[in-house]
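In this chain, residues are counted from 1 in sequence order.
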Amino acid sequence: MESSHNVPGHTHEHRHGDEAVHDHAAHSHAHGGAGFHLHPHPHVPADGDAHLVSLEARILDKNDRLAERNRGWLAGRGVFSLNLMSSPGAGKTTLLEKTLAELAGEFPLAVVEGDQETTHDAERIRQAGCNVVQINTGQGCHLEADMVAQGLQEIDPAAGSVVFIENVGNLVCPALFDLGEAARVVILAVTEGEDKPAKYPHMFHGADLILINKIDLLPYLSFDLERCLGYLHEVAHHAEVLQISAATGAGLEPWFAWLRAHRNRALSEAGKVLAGS
């Protein structure tokens with residue numbers, strides 16, 4: 001057995017290599033051969049519960065160690081990886097489809113697709129001709145570093161690739177978990193309202209790039225673009241901001257250029273390391 005924890009509220013996957021039945025305090029269950037399943041734990045501990053605070057710290061520490069391992073594995077291959085995050089329906093998969101169509105002939109591309117259930121988005125990516133692996137988190141509301149590590153082993157990206165990690169749609173907990181990515185990209189759709197950066201500052205504060213999507217709908221909405229940019233300046237003044245429409249293709253050239261530049265930089269850095277070894 002690789003790991004176990006037994007508090008209710010949120011899920012984590014862990015693996016068992018036998019058919020054992022064991023207790024997790026609140027429940028018991030059997031494990032088959034491959035043995036992937038999910039265990040719940042809370043993100044926000046009860047007031048005064050020092051044990052849960054300690055447990056949460058240990059989970060994040062373990063995740064961070066695995067994330068560093070992912071980062072080193074990717075950097076050694078000259079692979080540029082990015083964690084793509086947003087609310088559900090903000091346009092992550094549509095953006096990926098347009099991006100894959102534009103860049104597929106230039107360098108290898110791969111996608112680690114995260115959803116709670118279904119393979120719908122992965123099928124869309126696969127139809128675009130891209131190397132993709134689906135990770136279903138069940139009740140889990142975000143990807144974690146160990147899930148991404150398994151996904152990377154599955155897709156085995158070539159040197160010089162760009163790997164997109166499409167996180168579960170959620171503006172809260174994905175921001176807490178380092179996956180080993182080189183950059184974080186957050187999509188904010190104008191259909192969500194201009195105050196999302198003020199309501200969910202942690203997500204935007206950690207972003208390297210913010211894409212304001214669905215700008216083709218601005219004439220039909222009351223979305224206050226200037227106010228949104230003001231909120232972003234307050235919580236993520238260091239992040240680059242681009243206005244795009246993944247549906248129409250408007251504004252996507254700077255996004256493609258951003259990807260090319262970061263991919264070339266990752267490949268160059270890997271080459272320097274290899275040359276010095």
Side-chain angles (χ1 to χ4, degrees), residues 10 43-44 82-100 102 111-118 120-122 124-125 128 134-137 139-144 164-179 181 183-256 258-259:
H10 164 87
H43 270 199
V44 181
L82 59 96
N83 186 355
L84 190 59
M85 298 178 283
S86 77
S87 299
K92 294 191 298 297
T93 308
T94 300
L95 177 67
L96 281 177
E97 289 175 314
K98 289 290 176 66
T99 303
L100 299 175
E102 175 70 20
V111 176
V112 177
E113 184 68 49
D115 279 307
Q116 286 195 317
E117 300 290 347
T118 84
H120 294 171
D121 289 350
R124 289 173 59 182
I125 298 302
Q134 174 76 50
I135 298 174
N136 287 127
T137 60
Q139 297 177 51
C141 52
H142 57 269
L143 292 173
E144 297 180 15
F164 301 91
I165 305 169
E166 183 175 353
N167 217 315
V168 178
N170 183 347
L171 285 180
V172 183
C173 42
L176 300 175
F177 284 80
D178 183 1
L179 305 180
E181 72 274 9
R184 291 187 166 196
V185 178
V186 179
I187 300 177
L188 168 63
V190 298
T191 49
E192 300 177 59
E194 66 274 358
D195 59 350
K196 285 296 181 293
K199 288 184 174 180
Y200 304 98
H202 298 294
M203 173 60 72
F204 294 91
H205 179 72
D208 298 286
L209 174 66
I210 297 167
L211 301 173
I212 301 178
N213 191 25
K214 304 186 182 182
I215 57 169
D216 54 305
L217 299 180
L218 281 174
Y220 313 105
L221 301 170
S222 59
F223 185 89
D224 188 328
L225 181 58
E226 290 305 315
R227 179 171 292 182
C228 179
L229 293 172
Y231 287 136
L232 287 175
H233 182 73
E234 290 176 6
V235 303
H237 58 85
H238 59 283
E240 187 175 352
V241 179
L242 299 176
Q243 299 175 34
I244 67 166
S245 170
T248 68
L252 289 185
E253 282 303 327
W255 157 244
F256 299 146
W258 185 90
L259 287 169

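Taking all atoms of both residues into account, the shortest heavy-atom contact from Pro201 to Ala198 is CD-O, 3.5 Å. Across all their heavy atoms, Ala239 and Ile210 have their closest contact at CB-CD1, 4.0 Å. In plain terms, the two heavy atoms of Leu171 and Met203 that are nearest each other are O-CB, 3.5 Å. The two residues Ala189 and Phe223 make their nearest non-hydrogen contact at O-CE1, 4.5 Å. Nearest heavy atom pair, residue Gly169 against residue Lys92, reads CA-NZ, 3.8 Å. In this structure, Asn213 and Ala246 approach most closely via the heavy-atom pair OD1-N, 2.9 Å.
Proximity of Glu166 to Thr93: side-chain heavy atoms (C-beta onward) are separated by under 4.5 Å at one or more points. Two residues are said to be in side-chain contact when any heavy atoms from C-beta on lie closer than 4.5 Å; Ile125 and Leu96 meet this criterion. With contacts defined as side-chain heavy-atom distances shorter than 4.5 Å, the pair Asn167/Phe177 does not qualify. Contact annotation: the side chain of Phe164 approaches that of Leu259 to within less than 4.5 Å [non-hydrogen atoms, C-beta and beyond]. Using a 4.5 Å heavy-atom cutoff, the side chains of Ile135 and Val112 are in contact. Residues Leu82 and Ile165 form no side-chain contact, since every pair of their non-hydrogen atoms from C-beta on lies 4.5 Å or further apart. Residues Met85 and Val185 form no side-chain contact, since every pair of their non-hydrogen atoms from C-beta on lies 4.5 Å or further apart. Between Lys196 and Glu194 there is no side-chain heavy-atom pair separated by less than 4.5 Å.
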| For Glu192 and Ser87, what are the C-alpha separation, side-chain angles and deciding distance, and is it a side-chain hydrogen bond (donor to acceptor under 3.5 Å, both in side chains)? | CA-CA 8 Å; Glu192 300 177 59; Ser87 299; 2.7 Å; yes
| Do Leu188 and Ser86 pass the side-chain contact (heavy atoms from CB on, under 4.5 Å) test, and can you show the C-alpha distance, the side-chain angles, and the key distance before you say yes or no? | CA-CA 6 Å; Leu188 168 63; Ser86 77; over 6 Å; no
| request: Please test Val168 against Gln116 for side-chain contact (heavy atoms from CB on, under 4.5 Å), starting from the C-alpha separation and ending with a verdict. | output: CA-CA 7 Å; Val168 178; Gln116 286 195 317; 4.2 Å; yes
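Every pair passing side-chain hydrogen bond (donor to acceptor under 3.5 Å, both in side chains) that includes a residue from residues 214-228 is listed here, sequence neighbours excluded: Asp216-Ser245.
Contacts of Asp178 classified as side chain to side chain donor-acceptor pair (under 3.5 Å), with partners at least two apart in sequence or in another chain: Arg71.
Looking only at distances, a side-chain donor or acceptor of Glu181 sits under 3.5 Å from a matching main-chain atom of Leu179. Formation of a donor-acceptor pair under 3.5 Å by the Asn170 side chain with backbone atoms of Val172 is found in this model.
Atom CD1 of Ile244 and atom CD1 of Ile212 lie 9.5 Å apart (nearest 0.5 Å). One finds the CG atom of Leu209 at 6.5 Å from the CH2 atom of Trp255 (value rounded to the nearest 0.5 Å). Atoms CG and CD, on Leu211 and Glu240 in that order, are 9.0 Å from each other to the nearest 0.5 Å. To the nearest 0.5 angstrom, Thr99 atom OG1 is 6.5 Å from Leu252 atom CG. Taken to the nearest 0.5 Å, the OG1 atom of Thr118 stands 6.0 Å off from the CD atom of Gln134.
Aromatic ring pairs are classed by plane angle as parallel below 30°, tilted from 30° to 60° and perpendicular above 60°; the pair His238 and His205 is perpendicular.
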